[in-house]
Q: 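Below you will find the structure I want to go over with you.
First the proteins, then the strands, lettered A, B, ... as listed; each starts at 1.
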2 protein chains.
Amino acid sequence: MAADSSPARNTAAEDLAPRLRLAVARLHRRLRQSADPNLTLSQLSALASVERDGPITLGALARIEQVQPPTITALSGKLEAAGLLERTIDESDRRIHRVEITPAGAKLLEQHRKRKNAYLDRRLRRLTEADRAALTRAAAILERLAAEDPQ
Amino acid sequence: MAADSSPARNTAAEDLAPRLRLAVARLHRRLRQSADPNLTLSQLSALASVERDGPITLGALARIEQVQPPTITALSGKLEAAGLLERTIDESDRRIHRVEITPAGAKLLEQHRKRKNAYLDRRLRRLTEADRAALTRAAAILERLAAEDPQ
DNA sequence: TCGAACAAATTAGCCTCACGAACTATTCCG
DNA sequence: CGGAATAGTTCGTGAGGCTAATTTGTTCGA
């Protein structure tokens, strides 16, 4: 139900941020709990970025994922250990390490996109078509927000 | 497989879950980074639940927050230590511990709802009115999703 | 009535995520 | 050549969350 007699003013918008904060925090917890044990949310995010932008240097990946370098070292270490990423060292500048998705990594991502029985998918299927449409639009906005540079 | 591998109709909805998963994971990271250092997202969520439903037993709070009891012990311990919650032991059944928000806790929550310069608020203010409206609607849906019982 | 079963919360030990500070390796440049 | 800069890594810390085991308290039935 979407109508608390709110006039055109931005009354609703005024408490949008706190509501969104809580909703994202709680949903994140839910997603973690129901996540594929082989691939945490952070790993999933990194893997998706590498697929999209790889081969990519670790530094660039850290910027895209918006985490500090040590976090990427650890994350990509796990993904490599799982055979989902492969690392190559730039021979013309051996400080630079690039990672790239492996076939196994791509396959896992693909499976992941098709998970039809995960918590979130089940929930979404129970929504009305209109609600799903609203979330589809919101997802695009949230993706943009998350990707924007700080400041 | 699901009944409908239908054409254009819910094509967008089909990859909604993976997109939402990533968006929530990434946005959550952003929110953590820009969170008030005095109150993590988990603490904020628990505090808000206690305000809404308190006085409440720790077990009930765990169910609402959808975490295991040890997590609530730790969380409420921190909130109590910070003076945001107060605990009372039920004298008719001393196993039962209830927590309740303190004036300081309520004040902190209130301030939190008004944070006008936090990352998320700044970002939201830059969106179009239509985008904010879309997010407002989405926030309501996401809140419901996050609050639903499992299964 | 007292001991066993149950219930609520806590403790202990483990793992991931993420950070800052300090360090290593490499390259660049004056 | 030797210092400064750049890319990554290591180390130690803390939050968040889990399971398994334990403690504390209550209830119930033989």
Side-chain angles (χ1 to χ4, degrees), chain A residues 22 24-47 49 55-82 85 87-99 146 150, chain B residues 22 24-47 49 55-82 85 87-99 146 150:
Chain A
L22 274 187
V24 168
R26 289 171 174 165
L27 203 49
H28 180 261
R29 191 143 64 187
R30 273 311 194 71
L31 292 177
R32 262 178 49 107
Q33 289 167 352
S34 68
D36 178 352
N38 300 318
L39 200 62
T40 68
L41 285 175
S42 284
Q43 290 168 11
L44 173 65
S45 175
L47 191 56
S49 290
I56 184 175
T57 68
L58 294 181
L61 183 56
R63 283 188 295 277
I64 288 178
E65 287 289 303
Q66 292 171 133
V67 294
Q68 297 304 308
T71 301
I72 283 296
T73 294
L75 264 180
S76 85
K78 277 174 199 154
L79 293 171
E80 283 169 60
L85 291 188
R87 174 185 301 226
T88 57
I89 299 179
D90 185 325
E91 280 308 321
S92 79
D93 182 344
R94 299 182 42 77
R95 290 171 302 183
I96 298 177
H97 297 203
R98 286 192 181 79
V99 286
Chain B
L22 274 187
V24 168
R26 288 172 175 164
L27 202 49
H28 180 261
R29 191 144 64 189
R30 273 310 194 74
L31 292 177
R32 261 177 49 106
Q33 289 167 351
S34 67
D36 178 352
N38 300 319
L39 199 63
T40 68
L41 285 175
S42 285
Q43 290 167 12
L44 173 65
S45 176
L47 191 57
S49 290
I56 184 174
T57 68
L58 294 181
L61 183 55
R63 283 188 294 277
I64 288 177
E65 286 290 302
Q66 292 173 132
V67 295
Q68 296 303 308
T71 302
I72 284 297
T73 294
L75 218 40
S76 86
K78 277 173 199 157
L79 293 170
E80 284 169 61
L85 290 188
R87 174 186 301 228
T88 56
I89 299 178
D90 185 325
E91 281 307 322
S92 78
D93 183 344
R94 299 181 42 76
R95 290 170 301 185
I96 297 176
H97 296 204
R98 287 193 180 77
V99 286

Q: Between P on D/dG25 and CG on B/D90, what's the gap in Å once rounded to a whole number?
A: 13 Å
Q: Test of understanding: with side-chain hydrogen bond (donor to acceptor under 3.5 Å, both in side chains), list the residues that count as partners of B/D90, not counting sequence neighbours.
A: B/S92, B/R98
Q: Under the side-chain hydrogen bond (donor to acceptor under 3.5 Å, both in side chains) rule, collect the residues that match up with B/S49, sequence neighbours excluded.
A: A/R26, B/E65
Q: Give the first and the last nucleotide of DNA chain C, reading 5' to 3', that has any atom under 4.0 Å from a heavy atom of chain A.
A: C/dT16 to C/dT27
Q: Sugar-phosphate means primed atoms, P, OP1 and OP2; the rest is base. With that split, encode nucleotides 15-22 of chain D 5' to 3' as B, S or - using protein heavy atoms under 4.0 Å.
A: SSSBBB--
Q: Has the side chain of B/R95 got a donor or acceptor atom sitting under 3.5 Å from an opposite partner on the base of D/dT24?
A: no
Q: Under the salt bridge (charged side-chain N to carboxylate O under 4.0 Å, His left out) rule, collect the residues that match up with B/R94, sequence neighbours excluded.
A: B/E91
Q: What is the separation between atom CZ on A/R98 and atom C1' on D/dG8, rounded to the nearest whole Å?
A: 14 Å
Q: Sequence neighbours left out, what passes salt bridge (charged side-chain N to carboxylate O under 4.0 Å, His left out) with B/R32? Give chain and number order.
A: none
Q: Please name all residues satisfying side-chain hydrogen bond (donor to acceptor under 3.5 Å, both in side chains) with A/R63, sequence neighbours left out, ordered by chain then number.
A: none
Q: Rounded to whole Å, please give me the gap between CD1 in A/I56 and P in D/dA7.
A: 13 Å
Q: Identify every side-chain donor-acceptor pair in residues 35-44 of chain A under 3.5 Å, counting partners at least two apart or on other chains, and give the distances.
A:
residue	atom	partner	partner atom	Å
A/D36	OD1	A/N38	N	2.8
A/D36	OD1	A/N38	ND2	3.3
A/T40	OG1	A/Q43	N	3.2
A/Q43	OE1	A/T40	N	3.4

Q: Check side-chain hydrogen bond (donor to acceptor under 3.5 Å, both in side chains) between B/E80 and all other residues, then give those that pass, not counting sequence neighbours.
A: B/S76, B/R87
Q: Measure across A/L27 and B/V24 and return the closest heavy-atom pair with its distance rounded to 0.1 Å.
A: CD2-CG2, 4.1 Å
